Amino acid sequence: MARKRKTITIPDHGISRDVVLKEMESIRDSDAKWKDGKTFAYVYYAGEEHYEFLKKAHNLFFSENALSPMTFPSLKKFEAEVISMTADILGGDRKVFGNITTGGTESLLMAVKTYRDWAREKKPEIKEPEIVLPISAHPSFEKAAHYFGLVTKKVPWTSEYRCDVDAMKRAITENTIMLVGSAPEYPRGMIDPIKALGELAIEHDIGLHVDSCLGGFMLPFLKKLGYPIPDFDFSVPGVTSMSADLHKYGFAAKGASAVLYANEKLWKYQFFSTEDWPGGIYASPTMTGTRPGSSIAAAWATLKAMGEDGYMKYSKMAMDTAQQLQKGINKIPGFHVLGKPDMAVFSFTSEKINIYALGESMEKRGWVLDKLQDPPALHMIVNPLQGQIIDQFISDLRACVDHEKEHPTALTEGMAALYGALATIPKKDAKDTVLGVIADQYKV
Ligand SMILES: Cc1ncc(COP(=O)(O)O)c(C=O)c1O
């Protein structure tokens, strides 16, 4: 049954700021202690020195608003230069343009909206525009289709967990306006066959968005280091747009992603303007109105401070750690990493054990791992400084596996129960349950 909520009101008299800050510190006690290296999701950390620098850069532009580049030319400069630097990292030339958004989701929302408006002009005969995308593509594409009135057609992956190009070919119809590939996709950390998808896009005269939200600031550097990274960026014919998150492996502050287009004409379909509002002519390049100057400034500061050598160093550290973790996991009888991950993101499973219950036992020991489905698996986004926890992770994992084998968890409580239950009930009912869980989370 849905939870009722309590009523919380503002205090009659403002509380001392020191007291408020102390209260916040104590509320924070229940959060993941990610600096101890046990969190493999949500946080990207390049060490204390960079962290403190980032906070300073962020604070310098704490109140500035990129809604008005005329009022804050500094932010205009930062944004244009971040886009230029990111385009260069991603094999783009001077024709590539784009914007900083608040995150990967907004970048993908913008890309879908851009192709929708492009198709409205260039292919007006299409009344029900379709996106064809691999099943592994980030849910934000589906969210965008839901928001903007498009249809998604999902194609399976091959036995190697990469997009099935033949299936994508078969799924394209006269209503298709864009294709999607990921570099890499979130669930398995693997790059789709972007070259082949580019050929399909060219053949059908449609866009191809490469979602490199996770990999945009790691794959190019791994490639330079000699890792076998297939071509995935603007250098591939047919790639018309990309997204790369500054706030993931870019190590910028939260609230910063780059969305990039192969040329200015395509980019302009992203914009919105209205000219007859009494408040004046209103024009904006992305979804949001007010745009925090702090995250844009911190993104610029990060690219400058990291430089190519910084990104090479941190990419290698994360990759070495990920590979050692994978080795340790693969050595546990019945356990294996799924597919052949291209970077420091991967998932693992076992057919011998309830993997969700295992995830929960690991959580009790302070580890944070995301849970995946089809098949049930645990997910790891590896940070550069997690090298020191490899042994502890593997020994805790082994201990939890042994415990699970001896005392298999009954699915009666906690998240394991939720995941277990969701895996067995029809998708329609699962949706209701999930929506109820979301609503309950925001009730005090
Ligand atoms: C491949 C990919 N695309 C998009 C996103 C969405 O990014 P955000 O959570 O910043 O909106 C993610 C998030 O993990 C991702 O892994």
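Just follow the structure's listing: the first ligand is 1, and inside any ligand the first atom is 1. Every value quoted in this text rests on a predicted model; they were computed, and no experiment measured them.
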Looking just at side-chain N and O atoms, do Ser315 and Tyr249 make a donor-acceptor pair shorter than 3.5 Å? no
Which atoms of ligand 1 are found less than 4.0 Å from any heavy atom of Cys213? 2 (C), 3 (N), 4 (C)
Any nitrogen or oxygen of Tyr186, side chain or backbone, less than 3.5 Å from one on ligand 1? no
Regarding Thr290 and Asn65, is there a side-chain donor-to-acceptor distance under 3.5 Å anywhere? yes
Nearest protein heavy atom with distance in Å, relative to atom 1 (C) of ligand 1: Asp211 OD2, 3.3 Å
Are Tyr42 and Asp370 close enough that a side-chain donor and a side-chain acceptor fall under 3.5 Å? yes
Do Glu48 and Tyr45 have a side chain donor and acceptor closer than 3.5 Å? yes
Using a strict cut-off of 4.0 Å, indicate which atoms of ligand 1 neighbour a heavy atom of Gly104. 6 (C), 7 (O), 8 (P), 10 (O), 11 (O)
Using heavy-atom distances only, which candidate in Lys254, His379, His138, Lys143 approaches atom 4 (C) of ligand 1 most closely? His138
Any side-chain donor paired with an acceptor under 3.5 Å for Tyr115 and Ser241? yes
Under 4.0 Å from a heavy atom of Asp245: give me the atoms of ligand 1 that qualify, with their elements. 7 (O), 10 (O)
Checking heavy-atom distances from atom 7 (O) of ligand 1 to each of His247, Glu106, Glu185, Lys248, the winner is Lys248
Any chance the side chains of Trp157 and Asp192 put a donor and an acceptor closer than 3.5 Å? no
Structural part of Thr105 in contact with ligand 1, heavy atom criterion under 4.0 angstrom: both
Purely on distance, is any nitrogen or oxygen of Leu108 under 3.5 Å from one on ligand 1? no
Criterion ring-ring contact (aromatic ring centres under 6.0 Å, His included) against Tyr51, the qualifying member of Phe251, Tyr44, Trp34: Trp34
Note: ligand 1 atoms sitting under 4.0 Å from heavy atoms of Leu214 are 16 (O)
